[in-house]
**Q** 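Here it is, the structure in full.
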Amino acid sequence: MPEPLDVALTEVRALLLDPALTRAVAAGRRRGRHPVVARAELRPVRLKAGPRLQIATSDGTRPYTRNVAPGPEAIQAIDELLAEPFGNWHVETADATLQLRVTKSGEAQVHRAATSRPAVTPSGNDRTKEYLLDPGDPIFAEIGGSAAKRRQVDAFLRALAATLPDELTGSLRVVDLGCGNAYLTFAAYRYLASRGLDVQLIGVDVREDQRRRNTELAQRLGWADQISFVAGTIADAVVDPAPDLVLALHACDTATDEALARAVRWEARWVLAAPCCHHDLAKQLRAHPTPAPYELLTRQGILRERFADVLTDALRAGLLRVHGYRAEVVEFVDSQHTPRNLLIRARRTGSEPSEQQNAEYRELVDQWQVTPRLETLLSAAEEPVA
């Protein structure tokens, strides 16, 4: 439930002055107002001169760091930051985590949770926390999901964390294509907002009942201003403005190609897509004789299916490179959690493809006599309109 903003900021101030503070981030902006800096991060440090509060700020182009002494100097610096019209505060102490978001009406939407502690093994040794999002986070009581699903999504978030630059600040537009029950959608928002980003996220799914269900869930969580849902196909759903980041977790068969094609047409800065089944190229491989000397690769049905998986994702990555992306295929979660554990991760560079990149892609499709669905989609997008 919304709370008075001044009361919530008083609580934030107490946590910032708490000796148990571990980290805090202020970012985003309130409606119609602009802070003097785009982002501020606070953390305690220990220097030769003694303990200090380190305050790192950024105006969106260059960072500035200063270390203030405990007492009046730190209090003044904190009060100055609290007076700025930031839209979000994320504060962590040894015992608690607080996430504050200023609503459009100027009230505070606050989430409080106990800080998770490292698990202790039977031998008494500390074990590093396994999840980016605390499994005890109250959002999981709302969004549900099995332990296996939670591991998949957490692994996806780790890949996302490794993709986005550490210095990223300000607003971030995100779309989750083929979002289903929006487990990843809500978890991604939670994680990105905890980094102090001003996130606007759209979930796309073909089913209208899923759109209604997910919209109601966003309202219960108090995130309806930041997360919205659209009923439509991955290829045609209306998403405006174009996103910076495109997510697609286990979109089946050529739906992954549709997600990648939209990302390319949007010129999205980052793309993370975990493919699911790969039927399209497998069918094409069965329709043509295998080129020599690779008959052994496709003679056995199970090997042909697995080779089709590898060929599909290799060609997808190759096409992304041809269209101005740096792309890689990585394993994002252990296969014991899901056999569909590969992730296509891409970052837009805008560079023109080299002759070698074009030739590598073309030689491979010509040799195997296949036409990847992603190539068809991107070629259609490039055709002039009559």
**Q** Are any side-chain N or O atoms of Arg39 and backbone N or O atoms of Val25, one a donor and one an acceptor, separated by less than 3.5 Å?
**A**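 Here the side-chain-to-backbone pair does not exist.
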
**Q** Between Tyr325 and Ala268, is there a donor-acceptor pair closer than 3.5 Å when you use the side chain of the first and the backbone of the second?
**A** yes

**Q** Is His34 reaching over with its side chain to a backbone N or O of Gly32, donor-acceptor style, under 3.5 angstrom?
**A** no

**Q** Side chains of Arg30 and Leu5: does their closest heavy-atom pair fall under 4.5 Å?
**A** yes

**Q** Could you measure the distance from the CZ atom of Arg52 to the CZ atom of Arg66? Nearest 0.5 Å is fine.
**A** 13.0 Å

**Q** Below 4.5 Å, heavy atoms only, C-beta onward: do Thr312 and Asp280 meet side chain to side chain?
**A**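 No, their side chains stay 4.5 Å or more apart.
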
**Q** Can you measure from CG (Asp176) to OH (Tyr189) and round to the nearest 0.5 angstrom?
**A** 15.0 Å

**Q** Just by modelled atom types, is the Pro291 backbone N or O under 3.5 Å from a matching donor or acceptor in the Gln367 side chain?
**A**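 Side chain of Gln367 to backbone of Pro291, a donor-acceptor pair under 3.5 Å: no, none is there.
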
**Q** What are the two closest heavy atoms between Ile234 and Ala259, and how far apart are they?
**A**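 Between these two residues, the closest heavy atoms are CG2-N, 3.5 Å.
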
**Q** Does atom CZ of Arg220 have more than 12 heavy-atom neighbours from other groups under 6.0 Å away?
**A** yes

**Q** Do Asp18 and Val91 come within less than 4.5 Å of each other through their side chains, counting heavy atoms only?
**A**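 No, their side chains stay 4.5 Å or more apart.
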
**Q** Using a 4.5 Å cut-off on heavy atoms from C-beta on, say whether the side chain of Thr254 contacts that of Leu377.
**A**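 Not touching, per the 4.5 Å side-chain cut-off.
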
**Q** Donor-acceptor pair, distance only, cut-off 3.5 Å: does the side chain of Asn214 make one with the backbone of Val230?
**A** no

**Q** Salt bridge check, Arg43 against Glu92: does any charged N sit closer than 4.0 Å to a carboxylate O?
**A**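 No, no charged N to carboxylate O under 4.0 Å.
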
**Q** Any non-hydrogen side-chain atom of Val37 less than 4.5 Å from a side-chain atom of Tyr64?
**A** no

**Q** Donor-acceptor check, side chain of Arg29 to backbone of Gly87, threshold 3.5 angstrom: yes or no?
**A** no

**Q** Would you say Val330 ends up clustered with Leu272 if hydrophobic residues are merged whenever their side chains have heavy atoms under 4.5 Å apart, either directly or through other cluster members?
**A**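 Hydrophobic grouping puts Leu272 with Val330.
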
**Q** Got a sec: does the CZ of Arg326 have more than 12 other heavy atoms crowding it under 6.0 Å?
**A**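 Check fails, neighbour count at 12 or below.
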
**Q** Can Glu328 and Arg347 be said to form a salt bridge (charged side-chain N to carboxylate O under 4.0 Å, His left out), step by step?
**A** CA-CA 9 Å; Glu328 56 184 348; Arg347 177 176 61 84; over 6 Å; no

**Q** Out of the candidates Trp223, Phe229, Phe186, only one should pair with Leu217 under the side chain to side chain contact (heavy atoms under 4.5 Å, CB included) rule; please name it.
**A**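 Option passing the side chain to side chain contact (heavy atoms under 4.5 Å, CB included) with Leu217: Phe186.
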
**Q** Where is the tightest heavy-atom contact between Arg299 and Arg304, given as atom of each residue plus distance?
**A** O-NH1, 4.5 Å

**Q** Would you check, one step at a time, whether the test side chain to side chain contact (heavy atoms under 4.5 Å, CB included) holds for Phe156 with Leu247?
**A** CA-CA 10 Å; Phe156 196 100; Leu247 309 177; 3.8 Å; yes

**Q** Looking at Arg212 and Glu208, is any side-chain nitrogen of the basic one under 4.0 Å from a carboxylate oxygen of the acidic one?
**A** yes

**Q** Side-chain heavy atoms under 4.5 angstrom apart, residues restricted to Ile, Leu, Val, Met, Phe, Trp, Tyr: same cluster for Trp89 and Leu53?
**A** yes

**Q** Any link between Leu81 and Leu100 through a network of hydrophobic side chains (Ile, Leu, Val, Met, Phe, Trp, Tyr) touching at under 4.5 Å?
**A**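 Yes, Leu81 and Leu100 fall within the same hydrophobic cluster.
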
**Q** If you measure from the Lys or Arg side-chain nitrogens to the Asp or Glu carboxylate oxygens, is any gap between Glu375 and Arg362 under 4.0 Å?
**A**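 Salt bridge: yes.
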
**Q** Nearest heavy-atom pair of Val68 and Ala74: which atoms, and what distance?
**A**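 That closest heavy-atom pairing would be CG2-CA, 3.9 Å.
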
**Q** Would you say Tyr191 ends up clustered with Ile227 if hydrophobic residues are merged whenever their side chains have heavy atoms under 4.5 Å apart, either directly or through other cluster members?
**A**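 Yes, Ile227 and Tyr191 fall within the same hydrophobic cluster.
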
**Q** For the CG atom of Leu164 and the CZ atom of Arg269, what is their distance to the nearest 0.5 Å?
**A**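 Going from CG on Leu164 over to CZ on Arg269, the span is 9.0 Å.
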
**Q** Specify the closest pair of heavy atoms between Pro4 and Ala108, including all atoms of both residues, with the distance to one decimal.
**A** O-CB, 4.4 Å

**Q** Evaluate side chain to side chain contact (heavy atoms under 4.5 Å, CB included) for Thr256 paired with Arg316, printing each intermediate quantity in order.
**A** CA-CA 10 Å; Thr256 293; Arg316 285 166 171 164; 3.8 Å; yes

**Q** Heavy atoms only: give me the nearest His279-Asp253 pair and the separation to one decimal.
**A**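 That would be N-OD1, 2.9 Å.
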
**Q** Does the distance from a Lys or Arg side-chain N to an Asp or Glu carboxylate O, for Asp209 and Arg207, drop under 4.0 Å?
**A**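 Judged by the 4.0 Å cut-off on N to carboxylate O distance, Asp209 and Arg207 do form a salt bridge.
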
**Q** Just verifying a value: how many Å separate Leu172 CG and Leu245 CG, rounded to the nearest 0.5 Å?
**A** 5.5 Å

**Q** Does the Ser351 side chain pair with the main chain of Gly324, one donor and one acceptor, at a distance under 3.5 Å?
**A** no

**Q** Quick one, Leu342 and Asp309 - any side-chain contact, counting heavy atoms below 4.5 Å?
**A**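 Leu342 vs Asp309: side chains apart.
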
**Q** Contact between Leu9 and Phe86 at the side-chain level, heavy atoms closer than 4.5 Å - yes or no?
**A**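 No, too far: nothing below the 4.5 Å cut-off.
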
**Q** Donor-acceptor pair, Arg321 side chain versus Tyr361 backbone, under 3.5 Å?
**A** no

**Q** Hey, could you give me the CG/CG distance between Asp6 and Leu82, rounded to the nearest 0.5 Å?
**A**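 Going from the CG atom of Asp6 to the CG atom of Leu82 covers 12.0 Å.
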
**Q** Could you give the distance from CG (Leu201) to CZ (Arg173), rounded to the nearest 0.5 Å?
**A**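 Interatomic distance, Leu201 CG to Arg173 CZ, rounded to 0.5 Å: 12.0 Å.
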
**Q** After noting the C-alpha distance and the side-chain angles of Val175 and Trp266, does the key distance pass the side chain to side chain contact (heavy atoms under 4.5 Å, CB included) rule?
**A** CA-CA 11 Å; Val175 64; Trp266 281 324; 3.8 Å; yes

**Q** Sub-3.5 Å donor-acceptor pair from the side chain of Asn88 to the main-chain atoms of Arg101, do we have one?
**A**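 It does not hold such a pair.
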
**Q** If I compare all heavy atoms of Ser171 with all of Asp244, which pair ends up nearest, and what's the gap?
**A** O-OD2, 4.4 Å

**Q** If you draw a 6.0 Å radius around CZ in Arg286, do more than 12 non-hydrogen atoms from other residues or ligands fall strictly inside?
**A**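 For Arg286, atom CZ is crowded (more than 12 foreign heavy atoms under 6.0 Å).
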
**Q** Indicate, with yes or no, if Val365 and Tyr294 share a hydrophobic cluster defined by side-chain heavy-atom contacts under 4.5 Å among Ile, Leu, Val, Met, Phe, Trp and Tyr.
**A**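 Both belong to a single hydrophobic cluster.
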
**Q** Do Leu378 and His323 make a side-chain contact, defined as non-hydrogen atoms from C-beta onward lying under 4.5 Å apart?
**A**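 Yes; the side chains approach each other to less than 4.5 Å.
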
**Q** Thinking salt bridges, do Arg112 and Glu11 make one under a 4.0 Å N-O criterion?
**A**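 A salt bridge is present here (some side-chain N lies under 4.0 Å from a carboxylate O).
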
**Q** Ignoring hydrogens and angles, tell me if any N or O in the side chain of Thr93 forms a donor-acceptor pair with the backbone of Ala96 under 3.5 Å.
**A**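 A pair under 3.5 Å: yes.
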
**Q** Would Leu319 and Leu260 count as a side chain to side chain contact (heavy atoms under 4.5 Å, CB included) here? Give the steps.
**A** CA-CA 10 Å; Leu319 270 170; Leu260 295 175; over 6 Å; no

**Q** Are there more than 12 heavy atoms of other residues, nucleotides or ligands under 6.0 Å from atom CD of Glu295?
**A**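 Yes, CD of Glu295 has more than 12 neighbouring heavy atoms, counting only those of other groups under 6.0 Å.
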
